[in-house]
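Following: one structure in structure tokens, then a few remarks.
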Amino acid sequence: MGTSQKEGLASSSDAAPIHRFYSRTTWIEGAAEEQLDLVSRLAGVSHVAAFPDLHPGKYGPVGSAILADRIYPQLIGNDIGCGMSLFALDLPARKLRLDKAAQKIRVLEEPWHGDPGACLAADGLPTDLHPVALGTIGGGNHFCELQELGSLSDDCLLAGTDIRKGDLMLLVHSGSRSLGMAVFGTVLESFSGLDLDSTVGRTYLAAHNDAVRWASLNRRLIAERAARALRSDLRLVADAPHNLIEEHDDGLLHRKGAAKADIPLVPLAGSRDALSYLLVPKADRPEALASLAHGSGRKYDRRSMAGRAGTTRSDRDGLIRTSFGGHVICEDRQFLIEEAPNAYKDPNQVLDDLRTSDLAQSVATLKPLLTFKKAVNRELAAARRDKHGRLKDRRAKR
DNA sequence: ATGTTC
């Protein structure tokens, strides 16, 4: 927990109710519970929902939804609009050559060469809104994953959709890149919250809303780039942001790593070596604040992963393969280790908690075939070579 | 999370 939050956040004596949608045996870090208690005491907070993927964040617990009478930008942080978008490909799994697809999807390592102005305008955004990063995935836990849809025992729910067992899907996890960071940078010290009726509050929320739409467009462009490389059409199945503020009748709803669930279908991402799930949220659970878990949730923070994954050569080699016979494309070894599957909780426990809490039904499994995370930035690599006359060896720094 | 960490 940052000291800045303890010092800077206004707190009231009476805490808002916290609804926890996980069992007593679910693994939740103590620091996350402390953050949950802290946000429940923030001035103007009326309700908090906590999901089984809960884990500590920089300013607040990731995996929570918070209803307040004012705007708390630091609860959302820099990746405004980050989320998961799921697309169905018009390409049957039986026609897929995984090794060839792995080469084709590398188109995502290049900058996007489309027409940003036209895409931004078509989505009602200013044509000059941060075009430079559009169509790119970014780093950290962001990815573009090719998956095969599998059915569950209850086929009735799938029958209500236009997706079927064996369909190839693209799940894109990305956000607003450096745009959201710039927007957050304008209100960094707003620890006591912003009034919606103030100029700074309105200005922030307008810029935030643009970043949310920019992030959604970004995920679609990433999927379109991948689909084009695979010579396939695609259609949107779900667009589920999990890091944003929404104006609701009863207040400002902050989702911090909690998926927007007032939509028909919500993807629940597993780690790259676990199944993801497609969920149908239950509509009649107001205490869940129209939200759901957004994934497995981290078990270990990034810094502590150095000794937990990639310590031996065979372990490192294993990081680019999955137990489903799939591949991981990520040339940044740091990311491979920080985002190793064992950095995450068991998505099946998260799913169990959501079902036990009666928040959602699962309608399909999503098996990872190809996970594109990040390729080496060639320009940056070249710059480093020029400066040092050789490639930096990260190991030498330790 | 981030044209990051010279």
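We name chains A, B, ... by the order of the sequence lines, and we start the count at 1 in each one. Computed from a predicted structure; not experimentally measured.
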Report the distance from atom [atom1] of [X] to atom [atom2] of [N], rounded to the nearest whole Å.
X: A:R303; N: B:dT4; atom1: CZ; atom2: P; value: 20 Å
X: A:N78; N: B:dT2; atom1: CG; atom2: C1'; value: 7 Å
X: A:K374; N: B:dT2; atom1: NZ; atom2: C1'; value: 9 Å
X: A:L179; N: B:dG3; atom1: CG; atom2: P; value: 11 Å
X: A:R333; N: B:dT5; atom1: CZ; atom2: P; value: 20 Å
X: A:H142; N: B:dT4; atom1: NE2; atom2: P; value: 16 Å
X: A:I137; N: B:dT4; atom1: CD1; atom2: C1'; value: 18 Å
X: A:D332; N: B:dT5; atom1: CG; atom2: C1'; value: 12 Å

Touch check for [X], heavy atoms < 4.0 angstrom, all strands: base, sugar-phosphate only, or nothing?
X: A:G77; result: nothing
X: A:G175; result: nothing
X: A:G180; result: nothing

**Prompt:** Side-chain donor-acceptor pair under 3.5 Å between A:S232 and A:D90, yes or no?
**Reply:**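 There is no such pair between these side chains.
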**Asked** Nearest nucleotide by nearest heavy atom, which residue falls closer to the 5' end of DNA chain B, A:E339 or A:F335?
**Response**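 Its nearest nucleotide being more 5', the pick is A:E339.
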**Message:** Do A:K345 and A:S271 make a side-chain contact, defined as non-hydrogen atoms from C-beta onward lying under 4.5 Å apart?
**Reply:**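 Not touching, per the 4.5 Å side-chain cut-off.
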**Item:** A:E29: partners by side-chain hydrogen bond (donor to acceptor under 3.5 Å, both in side chains), with sequence neighbours left out
**Value:**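 Not a single residue meets the side-chain hydrogen bond (donor to acceptor under 3.5 Å, both in side chains) criterion with A:E29.
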**Prompt:** Quick one: which of A:L179, A:L205, A:I80, A:L129 gives a side-chain contact (heavy atoms from CB on, under 4.5 Å) with A:D210?
**Reply:**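 Output: one option passes, namely A:L129.
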**Prompt:** Under 4.0 Å between a side-chain N/O of A:S178 and OP1 or OP2 of B:dG3, yes or no?
**Reply:**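 Yes, A:S178 has a side-chain N/O under 4.0 Å of OP1/OP2 on B:dG3.
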